[in-house]
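Residue numbers begin at 1 in each chain, while the letters A, B, ... track the order of the sequences.
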There are 2 protein chains.
Amino acid sequence: MNDLDRRVPWQRPTTAFLLAQIGAHAATRFAQRIAGLDLTPPQAGLLRLVGVQPGQSQQVIARRLGTPPSRLVLLIDDLEGRGLVERRRNPDDRRHHALYLTDKGTAFMRNELGPAGAAHDDDICAGLTGAEREKLHDLLTRITAQQELTEGVHPGYRQLGP
Amino acid sequence: MNDLDRRVPWQRPTTAFLLAQIGAHAATRFAQRIAGLDLTPPQAGLLRLVGVQPGQSQQVIARRLGTPPSRLVLLIDDLEGRGLVERRRNPDDRRHHALYLTDKGTAFMRNELGPAGAAHDDDICAGLTGAEREKLHDLLTRITAQQELTEGVHPGYRQLGP
DNA sequence: TATTGTTATACTCTATAACTATA
DNA sequence: TATAGTTATAGAGTATAACAATA
């Protein structure tokens, strides 16, 4: 028992602390993994959201992600320049740019990013059995519901260190 | 079933994704909570570490936190200016500054930061029963061990939004 | 010369505000 | 005038590098 433990009631890390610690760790590891795909975490999140909800305007996507629309511009510029995402002007209102995955983008999700995400999940859960992973997934899903977190979206993607 | 689900095998968020999502959420909520104590998350982490391992030099603390020593200076300056932390020069080697909590700092941990952490934990786990919280804590602890994460330290504290 | 702590500087990421075009 | 998207600017946070004191 150390000095502080004698005085404050923190004998062990709280569950919330462990969640933040492991969450940060998982985000960092994910960033490192997809760096090999020349992708930053925000780009990966955007790519996934465009794939799941194609045809949305940049305004809608920005609101969904909780980010200012101006931030999307450069992210999309890069993804579009690499031929993964496509802006299509709406003929009815030429101010809107609807976003779609290209065929190349779809293949990238299936062959590169998808497997990377699965491998990442295996990495993080390596210490648990299959049944334990299910239990953990269930408990975490309950938390996301109670805390009213948007499915498939989170702001905490972390950049890669040196 | 949406467009992307037909093409890539991501029917549900992975466990690793949920961990990152909830971890980011928890970090943000914690930042909001301790903002009422005029404390940033990095300051809270430093304060706790100084309390748990008093008498360490800034170099040692920096290595433990995985942060450059220069970053500690301003954090400590602020905490010292508020009378929560104390630098003590080592008479044997006057280059070293050993860090300690003041009595005021110890009281602050017990009466302010400690209860805030407990309330935060209750908030995040509000959707789970007591037994479920135990189970979750156990599973998360297993992950931290397998992933070799340092107890009580994580780099992912998040700043407060607007 | 090597190390501790500090100060100065630069870089990254993000948000805010100004601007263009369409309506 | 109002909105979608873009560009320009500024801020927060952090890291890197130069510096002073001590060994």
Side-chain angles (χ1 to χ4, degrees), chain A residues 24 27-28 31-32 34-35 38-46 50 55-81 85-100 153-162, chain B residues 24 27-28 31-32 34-35 38-46 50 55-81 85-100 153-162:
Chain A
T28 300
Q32 291 169 337
I34 64 174
D38 276 312
L39 220 56
T40 65
Q43 285 174 327
L46 175 58
V50 171
Q56 304 290 331
S57 74
Q58 298 182 197
Q59 292 283 340
V60 170
I61 295 279
R63 267 195 298 277
R64 185 90 200 281
L65 290 172
T67 188
S70 63
R71 191 185 161 194
L72 287 187
V73 176
L74 295 184
L75 292 176
I76 299 171
D77 282 352
D78 182 86
L79 295 176
E80 192 174 38
V85 161
E86 188 183 2
R87 284 174 169 105
R88 291 190 208 157
R89 283 200 109 110
N90 183 339
D92 296 340
D93 186 339
R94 292 174 44 75
R95 292 175 302 182
H96 290 72
H97 286 177
L99 299 179
Y100 296 89
V153 173
H154 79 79
Y157 290 111
R158 186 130 316 131
Q159 293 308 115
L160 186 59
Chain B
T28 300
Q32 291 168 338
I34 64 173
D38 276 312
L39 220 56
T40 66
Q43 286 174 328
L46 175 58
V50 171
Q56 304 290 330
S57 73
Q58 297 182 198
Q59 291 284 340
V60 170
I61 296 279
R63 267 195 298 278
R64 184 92 201 278
L65 290 172
T67 187
S70 63
R71 192 184 160 195
L72 287 188
V73 176
L74 295 185
L75 293 175
I76 298 171
D77 282 352
D78 182 86
L79 295 176
E80 192 174 39
V85 160
E86 187 184 1
R87 285 174 168 106
R88 291 191 208 158
R89 283 199 110 110
N90 183 339
D92 296 339
D93 185 340
R94 292 173 45 75
R95 292 175 303 182
H96 290 71
H97 285 179
L99 299 179
Y100 296 89
V153 174
H154 77 80
Y157 291 110
R158 185 130 316 129
Q159 294 308 116
L160 186 59

Sequence neighbours excluded and cut-off under 3.5 Å, please list the side-chain donor-acceptor pairs for residues 59-68 of chain B, or say none.
from, atom 1, to, atom 2, distance (Å)
R64(B), NH1, Q53(B), OE1, 3.0
R64(B), NH2, E151(B), O, 3.3

Starting at atom CZ of R95(B), determine the distance to atom P of dT4(C), rounded to an integer number of angstrom. 6 Å
Could you tell me if the side chain of L75(A) sits less than 4.5 Å from the side chain of Q58(A), heavy atoms only? no
Heavy-atom distance under 4.5 Å between the side chains of L79(B) and V50(B), does that happen here? no
Closest heavy-atom pair, A44(B) versus I34(B), reported as atoms and distance to 0.1 Å, is CB-CD1, 3.9 Å
Any non-hydrogen side-chain atom of V73(A) less than 4.5 Å from a side-chain atom of D77(A)? yes
Just the table, please: protein N/O against nucleotides 18-20 of chain C N/O, every pair under 3.5 Å.
none

Check for a donor-acceptor pair, side chain of R89(B) on one end and backbone N or O of R94(B) on the other, with a separation under 3.5 Å. yes
Estimate the overall bend of the helix from dT1(C)-dA23(D) to dA23(C)-dT1(D) from the end axes over five pairs each, rounded to 10 degrees. 30°
Atom CG of L72(B) to atom C1' of dT6(C): distance rounded to whole Å? 12 Å
Value for CG (L99(B)) from NE2 (H97(B)), rounded to nearest 0.5 Å, stands at 9.0 Å
Drop me the distance from E86(B)'s CD to E80(B)'s CD, to the nearest 0.5 angstrom. 7.5 Å
Which protein N or O atoms sit under 3.5 Å from an N or O of nucleotides 7-9 of chain D?
none

In whole Å, what is the span from the CG atom of L75(A) to the P atom of dC13(C)? 11 Å
Strictly below 4.0 Å, heavy-atom distances to any atom of DNA chain C: list the hits from residues 85-94 of chain B, or just say none. R87(B)
Using a 4.0 Å cut-off on heavy atoms, which residues in residues 58-67 of chain B reach DNA chain D? List them by number, or say none. T67(B)
Value for CD (Q43(A)) from CG (L74(A)), rounded to nearest 0.5 Å, stands at 10.0 Å
How many Å lie between NE2 on H96(A) and C1' on dT3(D), as a whole number? 8 Å
Nearest of dT14(D), dA2(D), dT14(C) to any side-chain atom of P42(A)? dT14(C)
